[in-house]
Amino acid sequence: MRYNIWVMKRLILLIFLLIIFAGNCQASYNNNKFGIHLAQPNDDDLKSAAALVNSNGGQWGYVTLVIQENDRDRNRWQEIFDKMRELKLIPIIRIATNVDGDAWTRPKKDDADNWSNFLNSLNWVVKQRYIILFNEPNQSKEWGGIVDPYDYIETTKIYAEKIKAKNPDFFIMMAGLDAAAPSEMPYFEGESYFLKGIFEKISPSDFEKLFDGWASHSYPNPGFAGSPYATGRNSIRNYEWELELLKGFGINKNLPVYITETGWSANSVSRDTIANNYQIAFNNWLTDDRVKAVTPFVLNYQGEPFLGFSWRQYNSNDFYNQYDTVRSLDKVKGKPQISEKGRIDYQLPSHLLIDSDYSFTVKLSNFGQGIWDSDDNYYLRLNNLEGRIIFPKLQDIKPKETDEIEFYIKTNSQKGQRKIRINLVKDDKKIIEGKEWRVYLDPLPSLKLNLVLYLKRKADAKDYELQVFDEQEKLVYQKKNLEVKLGNSLVENIHNVIPENKYRVVILKPYYLPRQAIILFNNKDNTVSFKKLLPLDFNADGKFSLNDFSALMKNLRLLKMFLP
């Protein structure tokens, strides 16, 4: 008995560990941690960034971008975001002021409204809107010439609250700090002392409410030449030391880490060493579940003081070795949350026929963040209707776009009412629901034809053809070799028409001009009478012209066909 209990306990523990492990694996699978920092977003650099971070099986890598207060052009940044959406890149936005002399101006507290309004005016790429509030304020040049932790936290508190009030999807992070800065106030302050100053002004609980993640500048120091195996402060795992500092100040929240700056300088180590170091570093970062993204500094910088960090070669379109090294690393297809909003519009008939073919149009309007494309597992689904239903592939329906989709239905033989919806689905999950469509499937109706041939008393023959066209002039029904007796013909089981809709019914007979009539089909018995058919189409082209006389002269025997 004791042995069985021991085995059961071990089994429960094993199952528990497997669940945790599976959860961690799923979390890692859904996030592509690879990223890059851009100095200035342009099409070429964005494409190069996508080729780097989304290579080798990857999608939805990260890009860190800076927006300055004099660059709050909504149209420009919406175009950038839309390009990133197409390239499947997630933006991490660091907001900044402007340079005055050799220092960044201190942000004004009353500018928080302008920033929050601007940031909220954009249609973001994914649901989480990553925002970093300024940069390395423990350096005086980053905060108006004087280090001031009290002013920094007071200012960012206002900004964080204003921005979050606009939309709860904003994901706010404090500025990344310079871990290598010495304590030489008022120009520099060590990171630990700077944080101490912050927590003299804000409680740990308020800090946890303001900030959703931790932005880290985990540079391999000293001299941007440190070992990729080093740990702790001033290493590529500087964030670990920072998280321990936060715990010491009373922070219990597990803040996800975004390494928005890191990297080696070619002024200190060789390019080959840099490439090798990145391969080792990413293997370390990828195995740490606390790290959600790594965006090394910087993809393309063509001048001092950051030329040594640039991944793109000087005055060239080529890249240094680290680009190919990181591009070759295995990646995952990230699955970030995307806000899906839109509308599905359709005006469909309340009655259809069994065993019939139809084509209808549905209009899709995209108001959300996703690009609706079948290659990304977006598709339309119609429920609660037996038979064959074919929707075409969706192609590149972007936000603020509308597209009309023609789809095909072949009903089966089951009569009765159906309550149907057309839904937009992604990865087998409904994201946009259409309105309810109530439709009755009726039995097939009949059509009685009354015919008279000009000059002949009887219209009896077996060489008639019936054609039925809808209001868009599409041929929906056709019956050849139709037999007429005593001037009448009953066509049973008319397919493909919609009850209570108008149709053009055409009757054809060799050497006679076609006759037509407009009919409103009902779902039971229908009758149509045609005007006399005129024997004036001797060349069988469906119209009367001089060519018909030429055809008659060549074959006078045709006259016998039209005499009583």
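- The pair Asp288-Arg290 counts as a salt bridge, with a side-chain nitrogen and a carboxylate oxygen less than 4.0 angstrom apart.
- Here Tyr278 and Tyr320 keep their ring centres 6.0 angstrom or further from each other.
- A heavy-atom distance below 4.5 Å is not found between the side chains of Trp214 and Met173.
- A donor atom on one side chain and an acceptor atom on the other are found under 3.5 Å apart for Asp151 and Trp143.
- For Phe199 and Phe207, the ring centers sit closer than 6.0 Å to each other.
- Electrostatic pairing of Lys47 and Asp44 does not count as a salt bridge here, judged by no charged N lying under 4.0 Å from a carboxylate O.
- Side chains of Gln78 and Asn123: no donor on one and acceptor on the other come within 3.5 Å.
- More than 12 heavy atoms of other shown residues, nucleotides or ligands fall within 6.0 angstrom of atom NZ in Lys164.
- For Ser328, there are no side-chain hydrogen bond (donor to acceptor under 3.5 Å, both in side chains) partners two or more places apart in sequence or in a different chain.
- Lys201 and Asp206 are not joined by a salt bridge, as no carboxylate oxygen comes within less than 4.0 angstrom of a charged side-chain nitrogen.
- The ring of Trp285 has its center no closer than 6.0 angstrom to the ring center of Tyr239.
- The only member of Asn423, Asp427, Asp428 that meets side chain to side chain donor-acceptor pair (under 3.5 Å) when paired with Tyr379 is Asp428.
- Taking the six-membered ring for Trp and thresholds of 30 and 60 degrees, Phe309 and Phe297 have ring planes more than 60 degrees apart, a perpendicular arrangement.
- No side-chain heavy atom of Lys430 sits under 4.5 Å from any side-chain heavy atom of Asn383.
- Side chain of Asp396 to backbone of Ile371: no donor-acceptor contact under 3.5 angstrom is found.
- The cationic atom of Arg72 (NZ for Lys, CZ for Arg) does not lie both less than 6.0 Å from the six-membered ring centre of Trp77 and within 45° of the ring axis.
- Note on ring orientation: taking the six-membered ring where Trp is involved, the planes of Phe118 and Trp115 are perpendicular (angle over 60°, cut-offs 30° and 60°).
- Taking a cutoff of 4.0 Å between a charged side-chain nitrogen and a carboxylate oxygen, Lys247 and Glu244 qualify as a salt bridge.
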Step by step, would you call Thr260 with Thr295 a side-chain hydrogen bond (donor to acceptor under 3.5 Å, both in side chains)?
CA-CA 5 Å; Thr260 55; Thr295 64; 5.2 Å; no

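- Residue pairs meeting the side-chain hydrogen bond (donor to acceptor under 3.5 Å, both in side chains) criterion with at least one member in residues 86-95, sequence neighbours excluded, are Lys88-Asp376.
- The 12-atom threshold is not exceeded at NZ of Lys196, counting heavy atoms of other residues, nucleotides or ligands nearer than 6.0 Å.
- A donor-acceptor contact shorter than 3.5 Å links the side chain of Gln369 to the backbone of Ser339.
- Heavy-atom contacts from other residues, nucleotides or ligands closer than 6.0 Å to CD of Gln313 number more than 12.
- Using a 4.5 Å heavy-atom threshold, the side chains of Arg129 and Ile163 count as separate.
- Asp43 is linked by a side chain to side chain contact (heavy atoms under 4.5 Å, CB included) to Lys83, counting only residues two or more places apart in sequence or in another chain.
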Trp311 and Ser48: side chain to side chain contact (heavy atoms under 4.5 Å, CB included), yes or no, with the steps?
CA-CA 11 Å; Trp311 289 38; Ser48 296; over 6 Å; no

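- No more than 12 heavy atoms of other residues, nucleotides or ligands shown are found within 6.0 angstrom of NZ on Lys141.
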